[in-house]
Amino acid sequence: MELKYKLHMKHILPLILALCLFTNCSKDDAASKDYTYYYPTEEASITNENIPGSTEAFDPKGITIANEKLYVINGNVLEIFNALTLEHIKTIKEYKKGNTTIALTSLTSVSVDAGRIYVGSTESRLFVFDEITNAGISTVGNGQWWQTFVHVFGVVAKDGLVFVKEKEKSIKVLDATQITETSDWNLKPIAKLNTLNGYTEVYSLDVFDGNLVVGGRDAKSYLYYNIANIKANAAASLTTPIEPEKVQFVDIKPIAVSFSKDWAVTSENVGSASYLKLYPKDEFIKKNYKAALSVSDILGQNAFGTIVGTAQLNDRIFLSDNTNKKIRVIKLNKSVIAEQNN
């Protein structure tokens, strides 16, 4: 199926003109300045039409990119696309290992790290696949909510740790080495974290610069957990889960967060509007929230629905727009305007 590419040059040109007028300098300025602006254009979208043989409604939730592949949670399956060409590669519907086959259902989240794919399900399971062969490695949890996990609403794996967001206020931390082809399903966490608020929403989380950062939608904050501190206080946290550092917002609900080469790529709900915001990640990790890009639509059109997952590869930003039931592929454009002195 042909991808849906969109160009909005008639909207871009007035924007560039406005920026040029805005940066027009006076004769009294002593030195010229360069102003850098970022603006998005909608490049393509991914729906069920892009999945050969699909008859189900597209229901995108968590997404991630690894090794130029885009992984998309789609209802009860995991879809894999080429992140460069956007061509569909594979649909994973089952976990298979030896004589064991488990149908994937009620999926929420996906993370890829160190040759493994981690997939979370509200059926209280974490599925672990081989990144190359997609063969099953292990499952954590047996599908009973009163056992290992009380459902799974988010997952991120990085630097040897696996962070699993459960129902309500809990994140359980596993050491990746606990999960092997012969490990038991009922693994015990090495640490526990407290998200302060929460219930049954899909959560987004990522790791950067020695910190786990969570889109704390219910706490109205980005939640920061220092990983060195988690390790140092792991045993005590099993009794009293570690609380985050945060800056309290009033009207902003952070929904999604992921880190790319330069940016913290986030989505935030403000009232009924959903925003894509890009923060310089070195400032974001210091809790300085001055966005280089903050938009709720594309040049005045096609407003975003609730964005539950974000990812970036090169100048492409991928948004899991669950309201509009599509992956929106946004091109990040950069304009440098030199202020001329006369």
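The residues of the chain are indexed from 1 along the displayed sequence.
- For the side chain to side chain contact (heavy atoms under 4.5 Å, CB included) test, residues two or more places apart in sequence or in another chain that qualify with P254 are Y222, F249, I252.
- With no hydrogens or angles considered, a side-chain donor-acceptor pair links Y203 and D218 at under 3.5 Å.
- Ion pair K61/D59 flagged as a salt bridge, since at least one NZ, NE, NH1 or NH2 atom sits closer than 4.0 Å to an Asp/Glu carboxylate oxygen.
- For the side chain to side chain contact (heavy atoms under 4.5 Å, CB included) with I327, the qualifying choice from L86, T47, I63, L319 is I63, the only one to do so.
- R217 is not listed as a side-chain neighbour of N269, based on a closest heavy-atom distance of 4.5 Å or more.
- A salt bridge links E166 and K172; the closest N-O separation between the charged side-chain nitrogens and carboxylate oxygens is under 4.0 Å.
- Taking all atoms of both residues into account, the shortest heavy-atom contact from D206 to F259 is OD2-N, 2.9 Å.
- Q147 and N142 share no donor-acceptor pair across their side chains, judged by distance under 3.5 Å alone.
- In summary, the side chains of T306 and S274 do not present any donor paired with an acceptor at a separation below 3.5 Å, with no hydrogens or angles considered.
- By the rule that hydrophobic residues join a cluster once side-chain heavy atoms approach within less than 4.5 Å of another member, F318 and I80 end up as members of separate clusters.
- Salt bridge E94/K96: present, at least one basic N to carboxylate O contact under 4.0 Å.
- Summarising the local packing, NZ of K169 is surrounded by 12 or fewer heavy atoms from other residues, nucleotides or ligands at distances under 6.0 Å.
- No more than 12 heavy-atom neighbours from other residues, nucleotides or ligands sit within 6.0 angstrom of CH2 on W145.
- Relative ring orientation between Y289 and Y279 is described as perpendicular, the plane-to-plane angle rising above 60° on a 0-90° scale split at 30° and 60°.
- Looking only at atom types and distance, the side chain of N233 has a donor-acceptor partner in the side chain of N229 under 3.5 Å away.
- Hydrophobic cluster membership differs between I330 and Y275, with clusters built from Ile, Leu, Val, Met, Phe, Trp and Tyr side chains linked at under 4.5 angstrom.
- Counting heavy atoms from C-beta outward, N211 and I227 have side chains that stay 4.5 Å or more apart.
- Checked for salt-bridge contact, K326 and D321 miss the test: no charged N lies under 4.0 Å from a carboxylate O.
- Between T36 and K334, some side-chain heavy-atom pair lies under the 4.5 Å cut-off.
- By the 4.0 Å N-to-carboxylate-O rule, E43 lies close enough to R316 to be salt-bridged with it.
- By the criterion of side-chain heavy atoms lying less than 4.5 angstrom apart, applied directly or through intervening Ile, Leu, Val, Met, Phe, Trp or Tyr residues, I230 is grouped together with L205 in one hydrophobic cluster.
- Taking the six-membered ring where tryptophan is involved, the planes of F153 and H151 are perpendicular, since the angle between them exceeds 60° and thus also 30°.
- Between R116 and E131 there is no salt bridge, since no side-chain N of the basic residue sits under 4.0 Å from a carboxylate O of the acidic one.
- In this structure a side-chain-to-backbone donor-acceptor pair under 3.5 Å is present from T310 to V265.
- Judged by distance alone, the side chain of T180 and the main-chain N or O of S183 form a donor-acceptor pair under 3.5 Å.
- Residues F81 and L313 share a hydrophobic cluster, clusters being chains of Ile/Leu/Val/Met/Phe/Trp/Tyr side chains in contact below 4.5 Å.
- Side-chain contact between R125 and I102: present, with at least one pair of heavy atoms (C-beta onward) separated by less than 4.5 Å.
- Panel note: side chain N333, backbone P40; no donor-acceptor pair is recorded below 3.5 Å.
- Electrostatic pairing of R328 and E42 counts as a salt bridge here, judged by a charged N lying under 4.0 Å from a carboxylate O.
- Inter-residue side-chain proximity for Y225 and V213 is flagged as unmet; no heavy-atom pair is nearer than 4.5 Å.
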